[in-house]
Amino acid sequence: MPKVTVDGITVEVPAGSNVLQACELAGKEIPRFCYHERLSVAGNCRMCLVEIEKAPPKPISSCSYPVADGMVVHTDSPMVRAARRGVMEFLLINHPLDCPICDQGGECDLQDQAVGYGMDHTRYGENKRAVKDKYLGPLVKTVMTRCIHCTRCIRFAAEVAGTPELGATARGESMEVGTYIEHALTSELSGNLIDICPVGALTSKPYAFVARPWELRKTDSIDVLDATGANIRIDARGPEVLRILPRVNDDVNEEWLGDKSRFAIDGLRRKRLDSCWVRRDGKLHRASWAEAFDAIAARIDGVHGDRIGAVAGDLCDAESMLALRDLMATLGSQNLDCRQDGAALDASRRDFYLFNTTIAGIEEADAILLVGTNPRHEAPLINARIRKRWLATGAHMPILGIGPEVPLTYDVRWLGNTPRLLNDLGDAAGLLRDAKRPMLVLGQGALRRPDGAAILAAAWRVATDHGMLTGDWHGFNVLHTAAARVGGMDLGFLPGPRGKPLAGMLDGGVEVLWLLGADEIAPERIGRNTFVIYQGHHGDRGASRADVILPGAAYTEKNGTYVNTEGRVQRGFFATYPPGQAREDWKILRAFSDRIGRRLPYDTIEALRARLEQINPVFARLDASPRFGISDPAGPAGDPAAVGDAAFALPIESYYQTDPISRASPTMAECTTTYRPVAAVAAE
C-alpha cells in the first residue's frame, strides 16, 4: 500500500485511492462540492485543491489525482488558501443571495464552505445570471439559478437510480441542468437528489417554506413502508412530523431512501383515528376506552377460542404482535396469521423465508434469477444494490427473470411468465451453474398464489441444483414487501396445530376477528356476522368493516422493534405523540387483558422485550444480519411438480399507494396520478 504524507502525517492508503481520500484518512478536511463517495469522480468544482510536492507547481484537484508512494501533500499552504478563495469567489459570482428564503439555509454546503474557505468580500459588480426553473415532478423543487454545475444529480440519476434523465446543455456560464425535454422524473429514488445537492437548487417540493432545520427535533427510527428496513431520521416540530431523511447504514440502505418512505409523511396527519368507536344499530358512534372495552368483552364472553381469530397487518411492530399473540393464547385461540396476502411461507426454518444473501451480500453475487418480483417497486433500495453490482461487473453479470416483463434499471433476460420454467430453465441453467455465487430472489407475487407452496419448493430446488446453496454461500432469497412479515414469522404469529389461517378465518370462519392494523383484506371477504375489532391508526379498509375501533399509534409515534427482509432486528423510536386518545398498540392490548381478567405478564416495554427474546433469541441480536452458508439442503414442504400454469401477477399495482399511510397522503396521490401514464406505457 502506498505511503502518503499529509501535512506531516504519514498514512498508508489502498492502491488506486485519490489524494482526497488520503487526506481524509489523515484526518484532514478537504472542501468539495462535486465529489461524492458513492458517485464517479467528475472534477468539476475545483474546490478540493491541494499542493503536492514534486508535482506541477500549481494547485491540484485532490479528487481526481491518484496517490503515489512517497507523495507529500499540503492542504493548508498559502497557495492552497488563495486558490480555494478564488474558486469560491467564482462560484458565488452568479449564485443568488437568497439564503433567507432558501429551504437549504442552515444545512447548506455552500454556506458552510463559504464561511470556512471563502473571502470576506467580493470584487464582482456585474449583473448575475438567471436560469429558468425546471419541472421535475411533484417531489423535487428546482431553483436552477442556484445551481453551481457540480453534476452530482446527473451522476446519481445515471449511476445509482438507473434513470439517466438528467443532463447538461450548453457550456460555461450558459450551461443548464435539466431533463432536455421537460417531464417528471421517473425514479423511485428521486428524493435523494435533494440530499446530494450541495446548494439549494434541488429541494423538497412538499417541504418548501415549512421549517428551518434548527426548529426540528430529530429522532432516529426505521422505515416501515417496505420490508428493507431503511434507517431514517424523523424531523418533527411539536406534534407534527415535517420531514424524513435517510441515515447512513452501509449494510442496509447506504445513504439512500425511497420516495414513498420519504414523502408519504403527510399521510400521518390525515384520516387518523383519534378516538374509540363502537357500532350500534348499524352505525359507528364515538366512545370512551371503557365503553369500547366493555363492548368487546361482552361479545367475546362465552365464545370458544376456536371461534376467535387475529390478523396482524403489514406495519406492525414486534411488541404489538407479541401482545396480541399472548392475548389470543389466554382466550384459547390458535387462529393467528401475519400474512394478509395469504403467502405460502414455510416457518419451519428461518432461511425458508429470509433474504439469506443479505442486502450487502448482493455485491458478491455474479448471477441473479428473479422469480415473480419487481424489485424496483417492491424494494427500490435493494433494486439499487442489484444495479450497483451489475455495474461493478461491467454490465456483464447475467440477470434472468421469470415473471411479467417490467422495466428495471439493469438488463434482464426474461425467460417467460410461467412457474413451470422453474422446473426447466433451458439454456439459462448453464449461466447459473457457471457462476461462483449465483442467487435467486423470490417475490411475494409468486407465493400468494394457490400453488405458492409448490413454487417455494420449486425455487428451493432451483437454488440447490444450480450451486446457490453451499457451505459458505446462501443464495436463496425471499423478498418481502411488508415490514412486519419477518417479525411475525419469527414470533410464530401463525396458525397453531388446531388453528385456522387467514382464509379459514374469513367468510364466517370465526365469530370474532381482531385486526391489528390489517388493512389489505377486502372487507367483503369478512363474514357478515363476524364481530370485527379494528386496532390501528388510519380509517382505512379495516376500520370500514369494524364493529369496534381502537385508535393505535403510527410507527413515528411509538418505540418498536422491526425485522427486515434479511432478518435484521432494528428498533425505531418515539418521535411524536399519537393524536387524541390513540395509544401504543401493546399498551391497548395490555389494558384490555386487565379488563377481562386475563392480565398479560408485562407492564413495561422492557419486560415485553424480554418476553420477545424469550420467544425467539434473534430479537436479542440488534442491527446484525450474520452471513452463513447452508449445511442442510432439505427444502420446504411442497411438491415442485405441482406448480400451475397461470402467469405470475405482481403484488404491487401502484408503488406510491401500498399501505394506509401512503393511501392517505395527498403527495402520494399526486404521484400516482402523475406516473400512471408512465406505468401504463411500461405495461403495454
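Here the structure is a predicted model, which means the values were calculated and not measured.
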> Does the side chain of R449 come within less than 4.5 Å of P419's, by heavy atoms?
Replying inline: yes
> Considering residues at least two apart in sequence or located in another chain, which fulfil the side chain to side chain contact (heavy atoms under 4.5 Å, CB included) criterion with R598?
Replying inline: T330, L331, I596
> Centroid-to-centroid, W460 to F352, below 6.0 Å?
Replying inline: yes
>> Restricting to salt bridge (Lys or Arg N to Asp or Glu O under 4.0 Å), what partner residues turn up for K260, sequence neighbours left out?
In response: none
>> Suppose we screen for side-chain hydrogen bond (donor to acceptor under 3.5 Å, both in side chains). Which residues come up paired with R279, at least two apart in sequence or across chains?
In response: none
>> Salt bridge check, R663 against D659: does any charged N sit closer than 4.0 Å to a carboxylate O?
In response: no
>> Test: ring pair (Phe, Tyr, Trp, His ring centres under 6.0 Å). Region: residues 289-346. Which pairs qualify, not counting sequence neighbours?
In response: W289-F293, F293-F592
> What residues form a side chain to side chain contact (heavy atoms under 4.5 Å, CB included) with R233, not counting sequence neighbours?
Replying inline: K218, D220, D235, R243, L245, R247
>> Just to verify, what does A518 make a side chain to side chain contact (heavy atoms under 4.5 Å, CB included) with, not counting sequence neighbours?
In response: V311, Q340, L515, I521
> Going by the ring pair (Phe, Tyr, Trp, His ring centres under 6.0 Å) test, which pairs reach into residues 548-591, not counting sequence neighbours?
Replying inline: F574-Y577
> Which pairs count as salt bridge (charged side-chain N to carboxylate O under 4.0 Å, His left out) when at least one residue sits in residues 612-625, sequence neighbours excluded?
Replying inline: R568-D623
> Can you pull the salt bridge (charged side-chain N to carboxylate O under 4.0 Å, His left out) pairs that have at least one residue in residues 221-232, sequence neighbours excluded?
Replying inline: none
>> Test of understanding: with side chain to side chain contact (heavy atoms under 4.5 Å, CB included), list the residues that count as partners of S544, not counting sequence neighbours.
In response: P523
>> R448: which residues meet the side-chain hydrogen bond (donor to acceptor under 3.5 Å, both in side chains) condition with it, sequence neighbours left out?
In response: none
>> Any carboxylate oxygen within less than 4.0 angstrom of a Lys/Arg side-chain nitrogen, looking at E511 and R299?
In response: yes
>> Regarding K500 and D337, does a basic nitrogen lie under 4.0 Å from an acidic carboxylate oxygen?
In response: no
> Taking 4.0 angstrom as the limit, do R272 and E557 come out as a salt bridge?
Replying inline: yes
>> Check this for me: does any side-chain nitrogen of one of E584 and K587 sit under 4.0 Å from a carboxylate oxygen of the other?
In response: yes
>> Between R420 and D645 (salt bridge meaning N to carboxylate O under 4.0 Å), is one present in this structure?
In response: yes
> If you measure from the Lys or Arg side-chain nitrogens to the Asp or Glu carboxylate oxygens, is any gap between D314 and R339 under 4.0 Å?
Replying inline: no
> Which pairs, with at least one residue in residues 608-651 and sequence neighbours excluded, count as a ring pair (Phe, Tyr, Trp, His ring centres under 6.0 Å)?
Replying inline: H474-F628
